[in-house]
Amino acid sequence: MTIAVLITTFNRKQKTIDCLESLRCQVLPNGVNMEIFLTDDASADGTFEAVQEHFPEVHVYKGTGSLYWAGGMRYTWRNAMAFKPDFYLLLNDDTLLIENAIETLLNISMASSSSPALSIGATCDTYTGRISYGGWRLRSKNYWKGEMIHSHTSAIDCDFGNANLMLVPSEIVEELGILAGHYTHALADYDYSLKAKKAGFPVKTAPGFLGTCVNDHKKDWKSGHTTLKERIEYLKSPKGLSYREYLRFIKDHFPLSYPGAFCKLWLKTFFPFIWDLFKKPAL
């Protein structure tokens, strides 16, 4: 059995090295092999060269410099598919794994009685100890509103999740393909896990914390102290509100939320003082 680990990087050399070191320390079940595939999107800090030097076993590729997260992961994923692995592990390069993280995800996926499960590993923030990424449950099937769920004792069903640490069986890839091409940076993991759930595959989040990862998603609006031009640029930016891609995500999965989502994006842009006064950044 082979697990293909998929990573994309950009100007985070030391974090990438630390992540790869945590992969080297993984305790895998007998008969399970791991192949690591990494795309460096034209980093200027020597990430590509450092990976080649210190991790010669890694299949490393050069990006164009404009792939962002989703594009980089798709490029990595396509290269890995040629090796026909049994599982694909989507991993952020700023995530440090505990030594049995992959084994835990593998056991959860294979324990499913119907179809192999897409399994998600929760991570905790390095500084606060609080959950930073993991599985989410929808509060309503018809509207885009979710809450992060987590258990320290058992795997639990969820509706979608973050791909900071996500194990995808090849059976799901055969049916769904890889991350959707219309996502540049964010939302591709939410979209993919929601599609897996809709296709009838179990989606589960593992118990405990399988690694550490700092939550670097703070407030999702530009302050009223910025100019309107800056706020509109943020509205359209792949690393900002990603206007077109976000609305497409809502239309595809939660069409009843579309009018509210549309209005909210423009309210954040034209009247950010509302969020400045009443909304606290995510922890």
Side-chain angles (χ1 to χ4, degrees), residues 68-71 73-74 90 117-118 120 122 131-150 156-164 166 168 172 175-205 215-224 226 228 230-283:
Y68 293 90
W69 181 81
M73 292 300 284
R74 284 192 297 269
L90 281 65
L118 184 153
I120 299 160
I131 187 169
S132 51
Y133 299 99
W136 294 73
R137 178 178 292 157
L138 291 170
R139 293 181 181 176
S140 167
K141 292 184 178 180
N142 297 318
Y143 292 92
W144 177 230
K145 188 68 174 178
E147 58 186 356
M148 192 175 286
I149 55 174
H150 183 241
I156 50 178
D157 293 325
C158 58
D159 295 308
F160 64 97
N162 301 111
N164 297 63
M166 178 185 288
V168 182
I172 295 180
E175 181 161 341
L176 300 182
I178 63 175
L179 300 177
H182 49 267
Y183 293 108
T184 306
H185 186 63
L187 294 172
D189 50 354
Y190 286 177
D191 173 75
Y192 195 83
S193 45
L194 282 166
K195 285 177 178 175
K197 185 85 171 186
K198 290 177 181 178
F201 292 98
V203 179
K204 295 180 177 291
T205 183
N215 187 334
D216 56 3
H217 295 89
K218 301 301 180 183
K219 66 180 186 180
D220 60 350
W221 73 94
K222 277 285 188 182
S223 167
T226 59
L228 178 59
E230 289 174 322
R231 297 197 298 272
I232 291 177
E233 287 175 350
Y234 185 78
L235 172 70
K236 297 179 179 180
S237 169
K239 288 190 173 182
L241 295 174
S242 192
Y243 179 74
R244 293 184 183 278
E245 295 174 15
Y246 179 72
L247 288 179
R248 174 163 183 172
F249 171 83
I250 296 297
K251 185 177 181 181
D252 287 348
H253 295 287
F254 308 98
L256 294 178
S257 288
Y258 190 92
F262 176 86
C263 293
K264 192 174 181 179
L265 289 174
W266 285 107
L267 283 171
K268 284 182 177 181
T269 302
F270 285 114
F271 306 106
F273 66 87
I274 300 173
W275 277 261
D276 290 339
L277 285 173
F278 300 108
K279 181 75 173 177
K280 293 182 179 179
L283 296 177

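Computed from a prediction, not measured in an experiment: that's the story for all the values here.
Taking CZ from Arg248 and OH from Tyr183, the interatomic distance works out to 7.0 Å, rounded to the nearest 0.5 Å. We find the CG-CH2 distance between Leu187 and Trp69 to be 10.0 Å, quoted to the nearest 0.5 Å. Put simply, CE on Met73 and CG on Asp189 are 9.0 Å apart, with the number rounded to the nearest 0.5 Å. Summarising the geometry, atom NZ belonging to Lys222 is positioned 9.0 Å from atom CD belonging to Glu233; distances are rounded to the nearest 0.5 Å. Between Tyr234 atom OH and Trp221 atom CH2 the span is 9.0 Å, to the nearest 0.5 Å. In this structure, Leu256 CG and Ser140 OG are separated by 8.0 Å, a value rounded to the nearest 0.5 Å.
Taking all atoms of both residues into account, the shortest heavy-atom contact from Leu179 to Ala70 is CD1-O, 4.4 Å. Shown here for Ala180 and Asp191, the closest heavy-atom pair between the two residues is CB-OD2, 3.7 Å.
Note: Phe262 and Tyr243 have tilted aromatic rings, judged against thresholds of 30 and 60 degrees for the angle between ring planes. Classification of the Phe249-Trp144 ring pair by plane angle, with boundaries at 30° and 60°, yields perpendicular.
Identified under the salt bridge (Lys or Arg N to Asp or Glu O under 4.0 Å) test for residues 256-271, with sequence neighbours left out: Asp220-Lys268.
Taking the side chain as every heavy atom from C-beta outward, Trp136 and Ile120 never approach each other to under 4.5 Å.
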